Each structure stands twice: as C-alpha cells, then as structure tokens.
Asks: 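For reference, the structure I am asking about is given below.
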There are 4 protein chains.
Amino acid sequence: MNTKEAILKATLRLVNEYGFYHLNMKQLAAEAGISVGTIYLYFNSKEKLINELYKNIIRDFNAIVLKGYEEGRAFKQNFFEMMRNAIDHYIQNPDRFSFIEQYTYSPFLFKETKEENLAILEPIEKIIKEAKKENQVKDLPETLLIALSYGPIVGMMKLFIVGKTDLKKKMQKELLLEACWQSVSIQ
Amino acid sequence: MNTKEAILKATLRLVNEYGFYHLNMKQLAAEAGISVGTIYLYFNSKEKLINELYKNIIRDFNAIVLKGYEEGRAFKQNFFEMMRNAIDHYIQNPDRFSFIEQYTYSPFLFKETKEENLAILEPIEKIIKEAKKENQVKDLPETLLIALSYGPIVGMMKLFIVGKTDLKKKMQKELLLEACWQSVSIQ
Amino acid sequence: MNTKEAILKATLRLVNEYGFYHLNMKQLAAEAGISVGTIYLYFNSKEKLINELYKNIIRDFNAIVLKGYEEGRAFKQNFFEMMRNAIDHYIQNPDRFSFIEQYTYSPFLFKETKEENLAILEPIEKIIKEAKKENQVKDLPETLLIALSYGPIVGMMKLFIVGKTDLKKKMQKELLLEACWQSVSIQ
Amino acid sequence: MNTKEAILKATLRLVNEYGFYHLNMKQLAAEAGISVGTIYLYFNSKEKLINELYKNIIRDFNAIVLKGYEEGRAFKQNFFEMMRNAIDHYIQNPDRFSFIEQYTYSPFLFKETKEENLAILEPIEKIIKEAKKENQVKDLPETLLIALSYGPIVGMMKLFIVGKTDLKKKMQKELLLEACWQSVSIQ
DNA sequence: AATGAATGAGAGTTCATTCAT
DNA sequence: GATGAATGAACTCTCATTCAT
C-alpha cells in the first residue's frame, strides 16, 4: 500500500473511532505510521484530506452499486442486485457507512463538496426514475420512493453498527431487501 | 427566555449552521447575547453543554411522540398519531433533526451519553413490541420493523432539509405515513 | 504601560536584537511578560503587529521632525531644527532607526505598507521643495538634494550604532548638521 | 554557469523579490533549476549559503571599486574613479545593492560575519585616510567624511530602486559624484 | 450573576535538513 | 553528483477555560 492510501485509511479509522471533532494530524500521522510533514506532501490541508476521502468513498460506493445494474434488465432484478451490493459493501465496510453519515451531517466542514452530498443517492434515483416511467413502481413521489428504498437500509445499518442486529446473517439481509422491495413495487 | 435557554438555543442554531467542528464559545456567547464567562455559570464545559442540549432534544421529542399514544387504543391509530407527531415536530424544528443526526455520528463527543443514542427509537420500539405480541404487524424481526417505520422518515427529512421535497404539504406527509404503515402492517 | 504598548516595545527590542528573521511569538510573549494568546488579542497576526509598529515609528518620527518646522521661518533655521530633531530622536532611539532600516529592506514582509516606505522622507522633501521654489538651495535635482541632506545622517547613524563614532557628542552632531547644510545650500 | 553559481544567483534574486524572511530552500531549488538536496552538496546550511553570497558580493564590489584606484594618482581622480565604479556597479546590479542593505540590517542572521559588515566601506576609508594625511580633504572626523562620501550614494540608490530617480542618466550620476566630492574636498 | 482580558496547551502547518536511491 | 520523499522540530495561531473585577 502506498503512502497516500495509508493516510486515507488511517483517516477513515480515526474519524470513526474518535470523530471529526477529535481527529488531529499528529495522531493521524502515528496511525498511518508516518510523520506529520508527510501528510502534507499528499494533501494540502486537513480539510482537503477529509474531502478527498469522502469523494473516494462515494465514488467507490456508487461504482459498486452500479455493478448491480444492467441496461434492459427487469427493474426488480436491478433493484435487488444494486441494493444487495450496497448492503454488502456497507456490512463489509461499516466504517465507510459511518464516515458518510458523519460527513453528511457536518455542515461547513466541506464547503466545496456541498453539492456532492447527495451523490450517494444517484444510482437509486436513476433506477427509480426509469421504473416510474414504465409504471413498475407505486404511484408515489420520486423522493418518497427513494426514501422507502434507502431509508430502511440506513436504519438497519445504524442498528447493526451498535450491535442491535446482525445483518451479516443472510436471512436478515434478504428480509431487509424484500421489505424495501415491497415498499416500492406494485403489489 | 432565561439565560440558560438562550445558551441552548444559540448552541442549536450555531451547530446547525457551522457544525460541531466549528462551534466555539466566543461565537456562541455572541449569538446568545452574553459573555463567554456566563456560559460557564450554567454549564461546566463545552461537552457538558452539548450533551445537555442533546438530552433535552431527545426528551422533548419523545414526550411529543408519546402524546400520540393511548393505552388500549388500536395499534394503527397509535402508530399514525405518534409518527405524525414525530414528523410534525421535525418539520417545525428541522434544526433539532439535524442536531440529532450530527450528534449520533460524532463518536466520542459524548462519551457519557453513548447509551442514550438510541433513546430516540424507544417510543416506536415500544409500540412495535406491543403490536408484535398481538400479531398486528408483519412477522419480521423487531429491528427491521423499526427500520421500516422510522428509516423512510429520516430519509424524507434529509431530502426536505436540502430542499428536494416539501414535507410541509399535507399530502406529502400523509403519503409518507401511509407508506410506512404499509411496510409494517399485515395487509 | 498598557499591554499593547508592552507588546510593541518588546517587538522593537527583539527585532533589533535578533532580526525579523528570528523573531518568534513565544519569545516575544516572554519578553513582553505576557502569554502568546494575549498578543493576538491586540494584533491579528505577526505581520499586522510588525506593520503597526512600523507605522507608529514613522508617525512619531515625522511628528518630531516637523516640530522643528515653522511656517514662514528662514529655510536655514527650519533645516537645522528639523535635522537636529531627527538626529536627536535617532540617537536616543537607535532601535527605532535600526527597525526602520530593517523594515525598508525586507521586501514583501509588508505588502500593505509598501507605499509608506518613503514616508520617512516626507518632511525633508517638503522643505527642500519650498526652498527650491525660492532658490535657496543649489540648482540640483530634488532627489539629489534629499539624498545629500539625509544620506550622511543615515551613514553616520550606521557608524554610531556599530560604535565607530560618538554622535552623542555635541560637536560631532553639529559638524554633521553643518556639513549637510553646506551640501545643499547656496554658498 | 556551474551549479554553485546558479544557486547563488537564484538566492540573490529570491532574497530581493521576497526577502530573507520568505526565502525557502524548495523555492530556491526550483529557481536554480535543481533539487533541494543538491543545494546541500554545495552549502552546509541556509545560513552558510547566505553568508557566502554576502562575502562574494562584498568581495566583488570592493575589487571593482579598487580598480578605480591608482597609487600615487591625485586624490580627486581616485575619488571620482572609485565612486563612479561603485555607482555603476550598483546601477547595473541593483539586486546586489538591495541584498547588502538587507543583510546589514538583519542582526544575527550572520553571526559569523558581523565583523565584515563594514568591509563595504574599506576602499573609501582607505583613500579618505590617505587624503586626510595630505590635507586634501576638509578638516572633519574621518567617519563624517566617509558618511558624506558614501551616504548620498546610498540615498540616491534607494530612490533609484523605487523609481524616484533615474541614475542611469549620465547627468544624474555626474551631479551626484560632483556633489559628494564638494562635500569632502577643500574648496 | 455577569464580565471579558488573560491564559497556555494544543491545534494545523511549514520548512531546513537528511539519506536511500 | 543529483534527487526528492520523508522527517519532526518549531512555527503561527486558536480557543476552552479561568478569575479578578
């Protein structure tokens, strides 16, 4: 692993352990196994570092979700594949899920990426729009369909992270997927 | 309004405008119209202040939600009343919603209140449990039923806050409530 | 003496002992008998502090020199009084003389005061111009007359500071004044 | 041009553009078209580099001034030749003039070269002493004669550098020389 | 109860210097 | 000879907290 990746990885770990508020460059350098000055060879500032990490996480997440999408395939199959990818990715990288949530709710930490805050919803928005055009989903506002698809997943992830549920069990995950599907699909 | 309330109100406003990360006591004092020293007459530390504000917000929220609950009344009616109260409270106090979300995802800002982070879900957990005992909800894990009830509301609130939807319209709100209800109730 | 003046005084002393290059805020706070943070209650940045000190020194110098000026009085008398004031002020405050010279030759330390760098010559420029109009000085370019009036004083101050001459002796000072006068006046 | 000279040249340029205070090795390497490490092959430290540059500049300046000196020749002719050489050198290398002035007023940047700070005055001191012995200059203290000879030149150079006068014009230069001569010579 | 000047530890950042390549 | 990534001490500046008034 190269130095830049080591820094990003250490940042992700520390932000999740201590939060944005308590992240400091000295501790970060120690966690990454480098010296403070080295961080600044790769990132111009703490803010830039956080923002770049966020962009990377969103980019990776969206790429993984979109791997579940196939042009022309039935909406149902696309929905399940994409959502399953999302859940799997979150379960395997709960720190990424937490980071996204922290980031989203830290106003003005990320002035420059304000507009990207909703990028996380783009893939789901895309298929909901397509399905809506073809009358394959309930006759509800798009935003509501998105909230019904993605909201319960976020909710379950929160419970998973605090140990209230075990999403790693296949059954739990499939029940979640099926329930989200029922919420938006025409019965 | 007394001084203590003025401080709490100013804190809520500034945290939502600038985030925990950029909140500072001098600015806070200015916002509250008092001097920095005065804050310390009412709160022992910045952390204590934040924690107390959080507890107040959760306490108020739960009290309002529980006003929609009546012992012995049909589950459906309790569900709608409580959830409607929750949504109304959030819509009228979006800063409180944002604060809760920020707080929840700032690990170790609130060491002492870690266990209270899920308190927000207590009222809904309560009626889901009762309904489950009486087989009035789908045969799904409790946690999933909670995620299905509350997750879409959080999702819609996020979209509302960034201006993507207008939850203030009665129709939008009722559609959301109905959809959440459909997710958990036996058809 | 108030805090702000103590900071300015300490700055002047340290800049002259160690130079701009080695001035640091920790040492400065110690010299002024206060803490680092206190400096920032009075000056927004190190640069602002240096600039303000410079402006004060120039302002004071010019005020003192101009005390030797009287409207309508013979050029010769004005010249001697003003120049004597300048020399006396420098002799009694050699640190101010050194500071001005350091400042003048530190490009870009003082972006904002660039245009004030020549303010030090304003009083002398003023009387040279007047004298020129009335043909009381040699027929030479203004700039040369200024250089002839002020240059030897700067030169002697440099020698005084390194201990090569004793300008405090009345004779030395009067010889310097007389020589400058001879340089510019019509014989 | 070899590497060492390239470094010295780059240093001179950057010190004059940004000042000692803002000179840094990375920028210096870029300006010289080499890498930071290479600087340290030729100079042990930043301080040593600055000091060596200073010594070179003084050495060159004195050599050029002394070219105007001829044993046994009339004082007046030596004075004019030497001073003309000095002025010409400064006019053609204003950066060297500025560097000398910056250096002179940066105490303790050059601990080791403190004693050399007046070396710049050696050639003029030399001929003034000779002339004094032979009663060819006014009966004034040596230091004052030096200040009268050299002070106005420094003064005019400062005005030249900020664009207030055009020393490149032959007339200006000759008037300056003549005026300095008048200041020290027996009428 | 209220103030706000003062504190100083600690933050983010810089940069002269080193050394493996 | 030449490189430039890496270092970490030291820098400027911030800000939660204190306390004399």
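Convention: sequence-line order gives letters A, B, ...; per-chain numbering from 1. Computed from a prediction, not measured in an experiment: that's the story for all the values here.
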Asks: Are any non-hydrogen side-chain atoms of A:Thr3 and A:Leu41 less than 4.5 angstrom apart?
Replies: no

Asks: Below the 4.0 Å mark, does F:dA6 have OP1 or OP2 next to a side-chain nitrogen or oxygen of A:Thr3?
Replies: yes

Asks: For DNA chain F, which residues of residues 27-35 of chain C approach it to below 4.0 angstrom with any heavy atom?
Replies: none

Asks: For C:Ser98, what residues pass the side chain to side chain contact (heavy atoms under 4.5 Å, CB included) criterion, not counting sequence neighbours?
Replies: C:Asn16, C:Ile161

Asks: Test of understanding: with side chain to side chain contact (heavy atoms under 4.5 Å, CB included), list the residues that count as partners of D:Asn93, not counting sequence neighbours.
Replies: D:His89, D:Asp95, D:Arg96

Asks: Round to a whole Å and report the spacing from CG of A:Leu14 to C1' of E:dA11.
Replies: 16 Å

Asks: For C:Phe97, what residues pass the ring-ring contact (aromatic ring centres under 6.0 Å, His included) criterion, not counting sequence neighbours?
Replies: C:Tyr90

Asks: For B:Ile39 and E:dG4, give me the distance from atom CD1 to atom C1', rounded to whole Å.
Replies: 12 Å

Asks: Sequence neighbours excluded, which residues qualify as side chain to side chain donor-acceptor pair (under 3.5 Å) partners of C:Thr38?
Replies: C:Ser35

Asks: Within the 4.0 Å heavy-atom criterion, would you say A:Tyr42 contacts the bases, only the backbone, or no part of the nucleic acid?
Replies: sugar-phosphate

Asks: Which atom pair, heavy atoms only, marks the closest approach of A:Ile100 to A:Thr104?
Replies: O-OG1, 2.6 Å

Asks: Produce a footprint string for nucleotides 11-21 of chain F: one letter per nucleotide, 5' end first; B if the base is under 4.0 Å from any protein heavy atom, S if only the sugar-phosphate is, - if neither.
Replies: SSBB-SBB---

Asks: Would you mind reading off the distance between A:Lys4 atom NZ and F:dA5 atom C1', rounded to a whole angstrom?
Replies: 15 Å

Asks: Please table the atom pairs, donor to acceptor, closer than 3.5 Å between any side-chain atom in residues 23-33 of chain D and protein atoms at least two apart or in another chain.
Replies:
{"residue": "D:Asn24", "atom": "OD1", "partner": "D:Lys26", "partner atom": "N", "Å": "3.1"}
{"residue": "D:Asn24", "atom": "OD1", "partner": "D:Gln27", "partner atom": "N", "Å": "3.0"}
{"residue": "D:Glu31", "atom": "OE1", "partner": "D:Arg13", "partner atom": "NH2", "Å": "3.2"}
{"residue": "D:Glu31", "atom": "OE2", "partner": "D:Arg13", "partner atom": "NE", "Å": "2.5"}

Asks: Look only at the side chain of C:Gln102 and the backbone of C:Phe20, and say whether a donor-acceptor pair between them is shorter than 3.5 Å.
Replies: yes

Asks: Fit a plane to each ring of B:Phe99 and B:Tyr54, take the angle between them on a 0 to 90° scale, and name the class: parallel (under 30°), tilted (30 to 60°) or perpendicular (over 60°).
Replies: tilted

Asks: Can you name the residues that form a side chain to side chain contact (heavy atoms under 4.5 Å, CB included) with D:Ser45, not counting sequence neighbours?
Replies: D:Glu47, D:Lys48

Asks: Counting a pair only when it is Watson-Crick or G-U and both distances are under 3.5 Å, which runs of at least 3 such pairs involve DNA chain E?
Replies: E:2-21 with F:2-21

Asks: Given side chains that start at C-beta, do those of D:Lys158 and D:Val154 come closer than 4.5 Å, heavy atoms only?
Replies: yes

